[in-house]
Amino acid sequence: MNRHARVLPVLLLAPLLLIACGSEKAAEKAAEKAAATDAGELEARAQAMGVAPELVYVTEAPGFTLAQQSVGVLGDDGFSATWVDGDTNALLRLAVDRGTITADTCPEQPVGDMSGEHTTCERDGDAWYRTGAGRHEYALPEKGHVVRVSAEADAVPRDVLRAAALAAHRPDAAETDRLLPSADPAPASPVERGDLPRYGDGAPDNHVDVGG
C-alpha cells in the first residue's frame, strides 16, 4: 500500500470525528441550559412561597400521595409537606429547616411540634432515629439544615419511615412542577355585579320594583 492510500482513510475519518465532537458539545450545552432553567424555576416558585430554595426537598413512599394543600413554609424560610396513605390515611411529614443535630442536642429537640415531651435518640447510619409524644422521626443532618421525616408511631412502621427519609432528595423539574405551586399569580376573575344589566351601555340598573 502506497503512502497516499494510507493517508486517505485518515482524511475521510477526520470530518466524522469533528461532527461527533460538535454534537457532544451541543448536547452538553443543552443539558447545562436545561439544568439552569430547572434551578431557576425551583428558585422562583420557592421564593414566591417564602421558602429558601435550598431547603426544598421531596420524598416518596409506597402507597403515599402528596397532599398538595400541606405544602408550605416552615418557620422563617423552611419547608414542609405531608404525604397521605390512600388506604389507611396515615400521614408522613417531611420538614426541612435550618440548624443541626448532634448527640448532645438531639434529646433537646422535640419530635415534630410536640415541645416539652421526652425525646429518645438512636443513631442509625448517618441519621438519627427519634421517638417522643407518640411519634417517631428520622432526622438527617445536611450542610446547614436538617431533613426530618416523621409520623405517628402506631400508624407508619419504622422501616417505611426510614426508607422515606433516605429517599428524601432535591426535586428535579418534573417533581418541582408537582410539588410547588406556580410563581405566576392566578388571573383575577371578573366580579359579577347584579346591578349591571346584560344589555345596553352597561350602566347600573337602579330600577325600583313596585312597592318601593
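The figures that follow rest on heavy atoms only: side chains count, while hydrogens, waters and symmetry mates do not.
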What closest approach, in Å, do [X] and [Y] show between heavy atoms, and which atom pair accounts for it?
X	Y	answer
Pro157	Ala155	CD-O, 4.1 Å
Leu92	Ala164	CD2-CB, 3.6 Å
Ala168	Leu94	CB-CD1, 4.5 Å
Val51	Gly72	CG2-O, 4.2 Å
Thr119	Pro107	CB-O, 3.7 Å

Just so I know, are the side chains of [X] and [Y] near enough to count as touching, which here means a heavy-atom distance under 4.5 Å?
X	Y	value
Val56	Thr176	no
Leu42	Leu180	yes
Leu140	Leu166	yes
Thr65	Trp83	no
Val149	Arg162	no
Phe64	Val160	yes
Arg45	Asp177	yes
Glu142	Val96	no

side-chain contact (heavy atoms from CB on, under 4.5 Å), that's the test. Do Asp97 and Val146 meet it? Break it down for me. CA-CA 6 Å; Asp97 208 358; Val146 180; over 6 Å; no
Would you find a donor on one side and an acceptor on the other, under 3.5 Å apart, between the side chain of [X] and the backbone of [Y]?
X	Y	result
Gln47	Ala44	no
Gln68	Leu179	yes
Ser70	Ala67	yes
Asp124	Ala127	no

For residues 128-169, which residue pairs qualify under disulfide bond (SG atoms under 2.5 Å apart), counting only residues two or more places apart or in two chains?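 For residues 128-169, and leaving out neighbouring residues, there are no disulfide bond (SG atoms under 2.5 Å apart) pairs at all.
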Asp126 atom CG, over 12 foreign heavy atoms within 6.0 Å: no
So for atom CD, which belongs to Glu60, do other residues, nucleotides or ligands contribute more than 12 heavy atoms lying within a distance under 6.0 Å?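 Count not over threshold, so no.
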Hydrophobic cluster membership, with links at side-chain heavy-atom distances under 4.5 Å among I/L/V/M/F/W/Y: are Leu55 and Val73 in one?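 The answer is yes; both residues are in one hydrophobic cluster.
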Drop me the distance from Cys121's SG to Glu108's CD, to the nearest 0.5 angstrom. 9.5 Å
Candidate pair Val71 and Leu66, rule side-chain contact (heavy atoms from CB on, under 4.5 Å), full reasoning: CA-CA 9 Å; Val71 177; Leu66 174 68; 4.0 Å; yes
List in chain and number order the residues that pass side-chain hydrogen bond (donor to acceptor under 3.5 Å, both in side chains) with [X], two or more places apart in sequence or in another chain; answer none if no residue qualifies.
X	result
Arg98	Glu54, Asp77
Thr120	Thr131
Glu122	Arg158

Stepwise, does the side-chain contact (heavy atoms from CB on, under 4.5 Å) test hold for Arg93 with Glu137? CA-CA 9 Å; Arg93 185 185 185 222; Glu137 172 187 273; over 6 Å; no
Summary of ring pair (Phe, Tyr, Trp, His ring centres under 6.0 Å) pairs that have at least one residue in residues 129-148, sequence neighbours excluded: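 Of all non-adjacent pairs touching residues 129-148, those that pass ring pair (Phe, Tyr, Trp, His ring centres under 6.0 Å) are Tyr57-His145, Tyr129-His136, Tyr129-Tyr138.
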Quiz question: by atom type and distance under 3.5 Å, do the side chains of Ser150 and Arg135 form a donor-acceptor pair? yes
Holding to ring-ring contact (aromatic ring centres under 6.0 Å, His included), I want the full list of residues that pass it with Phe79, two or more places apart in sequence or in another chain. none
